[in-house]
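Position 1 is the first residue of the sequence, and the numbers go up from there. As the structure is a prediction and not an experimental result, all values here were calculated from the model.
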Amino acid sequence: MGCLMVCVMWSCSTPKDYDVVIVGGGTSGVAAALTASRQGVRTLLVEEHEWLGGMLTSAGVSATDGNYNLRGGLWDEFRTALEEHYGGTEALKSGWVSNVMFEPSVADSLFKAMAAREKTLEVVYRTTASDFEYGDGTWHLTLGYEGCGRRISTRILIDATELGDVAREVGVPYDVGMDSAAETGEEEAVGEGNDIVQDLTYVAILKDYGRDVTIDRPEGYDPSVFACCCINPLCVNPKEPDRMWPREKMITYGKLPNGKYMINWPIEGNDYYVNMVDLSPEEREQAVRRAKNHTLGFLYFMQTELGFNTLSLADDEYPTADLLPFIPYHRESRRIRGVVRFTLSDINAPYRNTFYRTAVAVGDYPVDQHHTRYPDWKSLPNLYFHPVPSYGVPLGVLLPREEKGLIVAEKSVSVTNLVNGSTRLQPVVMQLGEAAGAMAALAVKQGCEPREVGVRKVQEMLLEGGGYLLPYLDLKASDPRFRAMQRIGVTGILRGRPAHAGWSNQTWFDADCEVAEKVLCEGLRTLYPGVKPSAEETPVTGERLGELLGEALGRDCCGETDRTARRLIGHYDPQKTLTRLECALLIDAVADPFHRLEVDLEGRIVE
């Protein structure tokens, strides 16, 4: 009956119109759909399988990486929902690979509940999208469901597919594999580009049955392929001798709540090399079968060689015939050639250009690339947790250079291969989806192209949703002063300070520190040429800040600054030095450079 009802609905001869259509209900797609629909625009989310969440759910990677202390926007909303479901933050720390562990089915149910609350959001499952045509400011496409088809139209189209398939179909130029150092200017890049992508993983979710549940020996099973997944008698020559753990450490790596185990083991485990990006649908199906068989081989090895014969595929997780996830975990996809290309050099030296002014998502995970299943893996750069500062991703990575009415999200954004090793992580991808949804909604409301939407409008919408623009750790997003700090941060008047603490990549606004007059003048002059340069190293006082704002704005600001300071700062004394945060609060309130000085997609001031 359900199929009949869907077919009858879609056989209707009248096309249906939407404001925003998102193809792909993955991590970015869900975030884009929720954000756009919360702005009241008619939104459709098209998902090929039965679950929402993509790599977090349908691919089984139910352990998030990074952004533990950068909780904002939908990422925070999702984490809060998980904590409420399981009974607190500590309940999510069941394994050691992540501080946020959960059952994929639970995350799917949470995403579906979030989507169900949005009145202007429609979600269709087991549905494909094809035959894209653009004309007169509108996209037309065909939705397919079990042989049924329906033509629909939309003002804005978002590609949130796992591999950037929509972008390819409509002709957006893209890159696959490793970029050359000559092309990107990244010292860490390879000398000559290639089409080698990261290993993918067909994850398995196991549970303990309390009895021998050893599976049948998989086709072509070879125990030597997995011999060095952990310390055991079969391991003679490990690929990564510095990353060897006992079997007990290996199995608890991805331990989930309720006694389940996520098997996403990178050390000679179920990582699998295949470049699926430009394969035909038939070739992709064959590659998926091989990847699944590889994972089953690893499971069989654990059962027969490591003594885990009471563990097997959970029968209460995936509604699939083989009990495996719906899709593999793709660490890499196409990367469009966008309006802005974000490189590792931009992360390492964030103020070398003005991209930081357009930041819409934050990340703090090192560059992590999986290549040991590639046949000639030793010839590739070793980028195992390559350290970088935490960073803000520029808005322009979501936009193709030419294609109108199209936004690209998920892992197909305009970054280099090296940067993808960090931006591919779930919290960043979710934030990029949120930015895509915000830009789409604003384009619909303003009746313009996505690239014509004001950068500050998108950023303001993200801030209103509790999101981060730059990864400052000084204040939580819930702090009432947070937005002012973020706004001044993306103007560049006061700049952040990168730092490393062990494995943690950080950036600080240094909110409680003083600021020298020389430094503040330099920052103000980037936006306000009327500010006179200064060589003074003395800290700025409230009185002096009022004078500098007067130079910037061409009017007397001392009285306004004084009145604003007494409202915003407790125990204010104009003769005493200000902290950087106090300066930010006053500059934001008096000059309001964030709203009054628009920037383009490269961060340049729009005259």
Next item on the list: Over 60° means perpendicular and under 30° means parallel, so classify the ring planes of Phe78 and Trp75, tilted if in between.
Entry: tilted
Notebook entry, point to check: Under 4.5 Å between any side-chain heavy atoms of Arg151 and Asp131, yes or no?
Noted result: yes
Checklist line | side chain to side chain donor-acceptor pair (under 3.5 Å) against Gln198, all qualifying residues, sequence neighbours excluded | finding: none
Checklist line | Single hit among Arg168, Arg335, Arg341 for salt bridge (charged side-chain N to carboxylate O under 4.0 Å, His left out) with Asp175 | finding: Arg341
Notebook entry, point to check: Can you tell if the side chain of Val340 reaches within under 4.5 Å of the side chain of Ser414, non-hydrogen atoms only?
Noted result: no
Check: If we ignore angles and hydrogens, is there a donor and acceptor under 3.5 Å between the side chains of Ser333 and Ser412?
Finding: yes
Check: For the residue pair Pro319 and Glu50, what are the closest heavy atoms and their distance?
Finding: CG-OE1, 4.0 Å
Margin query: Test your reading of the model: is there a side-chain donor-acceptor pair from Glu434 to the backbone of Leu462, 3.5 Å cut-off?
Written below: no
Notebook entry, point to check: Which of these passes ring pair (Phe, Tyr, Trp, His ring centres under 6.0 Å) with His294: Phe226, Tyr202, Trp265?
Noted result: Phe226
Next item on the list: For the residue pair Ser224 and Asp222, confirm or rule out a side-chain donor-acceptor distance under 3.5 Å.
Entry: yes
Next item on the list: Check the side chains of Gln369 and Asn417 for a donor-acceptor pair under 3.5 angstrom, ignoring hydrogens and angles.
Entry: yes
Check: Residues two or more places apart in sequence or in another chain: which of them pass salt bridge (Lys or Arg N to Asp or Glu O under 4.0 Å) with Glu402?
Finding: none
Next item on the list: Report yes if some heavy atom in the side chain of Arg424 is under 4.5 Å from a heavy atom in the side chain of Glu332; otherwise report no.
Entry: no
Next item on the list: Calculate, to the nearest 0.5 Å, the distance between atoms OG and CE belonging to Ser62 and Met55 respectively.
Entry: 12.5 Å
Check: Relative to the ring of Trp139, is the ring of Tyr134 parallel (under 30°), tilted (30 to 60°) or perpendicular (over 60°)?
Finding: tilted
Next item on the list: Using distance alone, with no hydrogens and no angle criterion, decide if Tyr18 and Glu122 have a side-chain donor and acceptor under 3.5 Å apart.
Entry: yes
Notebook entry, point to check: At what distance, to the nearest 0.5 angstrom, does CD of Glu146 lie from OG1 of Thr128?
Noted result: 10.5 Å
Check: Out of curiosity, Tyr221 OH to Asp216 CG, how far, rounded to the nearest 0.5 Å?
Finding: 13.5 Å
Note to self: Please tell me whether Trp51 and Tyr318 form a close aromatic pair, meaning their ring centres lie under 6.0 Å apart.
What the structure shows: yes
Check: Is it true that the SG atoms of Cys228 and Cys235 are less than 2.5 Å apart?
Finding: yes
Check: Is the shortest heavy-atom distance from the side chain of Gln426 to the side chain of Asp65 under 4.5 Å?
Finding: yes
Next item on the list: Would you check if the side chain of Asp271 reaches a backbone N or O of His370 as a donor-acceptor pair within less than 3.5 Å?
Entry: no
Margin query: If we count only N and O atoms by modelled type, under 3.5 Å, do the side chains of Thr154 and Arg42 hold a donor and an acceptor together?
Written below: no
Note to self: What I want to check is whether the side chains of Tyr174 and Asp278 have a donor and an acceptor closer together than 3.5 Å.
What the structure shows: yes
Margin query: Would you say Tyr145 and Arg126 are linked by a side-chain donor-acceptor pair, where the criterion is simply a distance under 3.5 Å?
Written below: yes
Notebook entry, point to check: Does a donor on one side chain and an acceptor on the other come within less than 3.5 Å for Asp108 and Ser105?
Noted result: no
Notebook entry, point to check: Are any non-hydrogen side-chain atoms of Val455 and Leu601 less than 4.5 angstrom apart?
Noted result: yes
Notebook entry, point to check: Rounded to the nearest 0.5 Å, how far does CG of Leu141 lie from CD1 of Ile152?
Noted result: 4.0 Å
